[in-house]
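The block underneath contains the structure these notes are about, expressed in structure tokens.
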Protein chains: 2
Amino acid sequence: MDEIKSADDAGKLAELYKAFADETRVRIMISLGEGAKCVGDIASATGVSQSAVSHQLKTLKYANLVSCQRDGRVITYELADDHVRTIINMGLDHIHE
Amino acid sequence: MDEIKSADDAGKLAELYKAFADETRVRIMISLGEGAKCVGDIASATGVSQSAVSHQLKTLKYANLVSCQRDGRVITYELADDHVRTIINMGLDHIHE
DNA sequence: TATAAACATGAACGATTGCTCATATGTTCA
DNA sequence: TGAACATATGAGCAATCGTTCATGTTTATA
């Protein structure tokens, strides 16, 4: 336990963490931590423009960190799985020592 | 558990994950996961130039992810704490589904 | 003290990133 | 069908990043 397992995968790992390496994306993920939301609600909750949110959601979706579902003209996004929450909480633990 | 705790801290969190968002730095941290090493050994273990390793170690040290200790003209680096291992393993879990 | 070894550092440059602005796509409803 | 709403997308640009190359700093040893 708490022992590094793979000596490879460094590239994929870096790719994964790149998705967490931006304040806007973190805000979006934290916001989605409260529950599924549509793009407009994410934008107002985070104070980021609709366009910027949409661009970042694309990045998060590509990284398999969020999933979405269309319902009429509204598209609802949610965190892909509990790994996302866990990774964020792990980071918060580290920050708060 | 597995519930996002803080609604703020987004900036600091992004800063933390930026340190993991580069393949070279991940390679260095995985290498240090095997145990403490000097700069030259890290360079040969990762196949990265001494200069690049040194630059990245500075970044990792600034992020409090590694610590170092001078012994003569050799400087030995090691992972700062088990959070680093945990964060990397968490990422590997996510990658390997 | 002069030299070499181990590491750090600064400048410079190409590559990537995240935003804005304008516009396109898709959907509902009158 | 046409207007309005929700979201996505592409171009363009400033900012950040990671490397290399050259050189500086610190320590040991002849």
Side-chain angles (χ1 to χ4, degrees), chain A residues 9-32 35-80, chain B residues 10-32 35-80 88:
Chain A
D9 294 320
K12 288 177 189 168
L13 208 46
E15 282 312 307
L16 171 64
Y17 283 120
K18 271 179 193 169
F20 290 87
D22 174 73
E23 179 169 353
T24 296
R25 286 192 295 272
V26 170
R27 292 180 111 85
I28 290 174
M29 287 187 277
I30 288 180
S31 182
L32 290 180
K37 285 178 186 170
C38 69
V39 179
D41 287 352
I42 297 171
S44 33
T46 56
V48 178
S49 78
Q50 179 268 316
S51 178
V53 167
S54 194
H55 277 298
Q56 298 298 10
L57 283 171
K58 189 176 184 177
T59 299
L60 292 174
K61 197 180 170 192
Y62 182 77
N64 288 308
L65 299 179
V66 303
S67 61
C68 64
Q69 186 190 355
R70 171 156 237 148
D71 186 22
R73 54 188 164 192
V74 175
I75 302 183
T76 301
Y77 281 80
E78 63 185 344
L79 296 182
Chain B
K12 287 177 189 170
L13 208 47
E15 281 313 306
L16 170 65
Y17 283 119
K18 272 180 192 167
F20 290 88
D22 175 73
E23 179 168 352
T24 296
R25 286 192 295 273
V26 170
R27 291 182 112 85
I28 290 174
M29 287 186 276
I30 288 180
S31 182
L32 290 179
K37 286 179 185 171
C38 70
V39 179
D41 286 353
I42 297 171
S44 33
T46 57
V48 178
S49 77
Q50 180 268 315
S51 178
V53 167
S54 196
H55 277 295
Q56 299 297 11
L57 283 171
K58 189 176 184 177
T59 298
L60 292 174
K61 198 180 171 191
Y62 181 76
N64 288 308
L65 299 180
V66 303
S67 62
C68 65
Q69 187 190 356
R70 172 156 236 147
D71 187 21
R73 55 188 163 189
V74 174
I75 303 183
T76 301
Y77 281 80
E78 63 185 343
L79 296 183
I88 287 181

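Chain A is the first sequence line, chain B the second, and so forth, proteins listed ahead of strands; every chain is numbered from 1.
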In whole angstroms, the gap separating C1' of D:dT26 from CD of B:Gln69 amounts to 16 Å

note: B:Lys61, atom NZ; C:dA8, atom C1'; distance rounded to Å ~ 11 Å

One should read off an interatomic distance between B:Asp22 CG and B:Met29 CE, to the nearest 0.5 angstrom, of 8.5 Å

Distance col, row A:Glu78:CD vs A:Gln69:CD, nearest 0.5 angstrom, shows 7.5 Å

Residues of residues 51-59 of chain A with a heavy atom under 4.0 Å from any atom of DNA chain C, listed by number, are A:Ser51, A:Ala52, A:His55, A:Gln56

Looking at A:Arg25, I'd like to know whether one of its side-chain N or O atoms comes within less than 4.0 Å of OP1 or OP2 on C:dG18. yes

Look at the side-chain N and O atoms of A:Tyr77 and state whether any lies under 4.0 Å from the OP1 or OP2 oxygen of D:dA8. yes

Taking for A:Asp71 and for A:Glu15 the nucleotide of DNA chain C with the nearest heavy atom, the one nearer the 5' end belongs to A:Glu15

d(A:Ser31 OG, A:Leu79 CG) to nearest 0.5 Å is 9.0 Å

Rounded to whole Å, CG of B:Asp41 lies from P of C:dA5 at a distance of 16 Å

dist A:Arg25:CZ -> A:Leu60:CG (nearest 0.5 Å) comes out at 6.5 Å

To the nearest angstrom, the CZ-P distance between B:Arg27 and D:dT19 comes to 11 Å

Quiz item: Do the ring planes of B:Phe20 and A:Tyr17 sit parallel (below 30°), tilted (30 to 60°) or perpendicular (above 60°)?
Solution: tilted

B:Lys18 has its side chain closest, among D:dC17, D:dT7, C:dT27, to D:dC17

Notebook entry, point to check: Got A:Lys58 and A:Lys61 here, is their nearest side-chain heavy-atom distance under 4.5 Å?
Noted result: no

Rounded to the nearest 0.5 angstrom, the NE2-OG1 distance for B:His55 and B:Thr24 is 12.5 Å

From CD1 of A:Ile75 across to C1' of D:dT9 the rounded distance in Å is 13 Å

Of D:dT19, C:dC7, D:dA28, the nucleotide closest to the side chain of B:Arg73 is D:dA28

Looking at the base of D:dA8, is there any donor atom on it, or on the side chain of A:Gln50, that sits under 3.5 Å from an acceptor on the other one? yes

Rounded to whole Å, OH of A:Tyr62 lies from C1' of C:dT17 at a distance of 15 Å

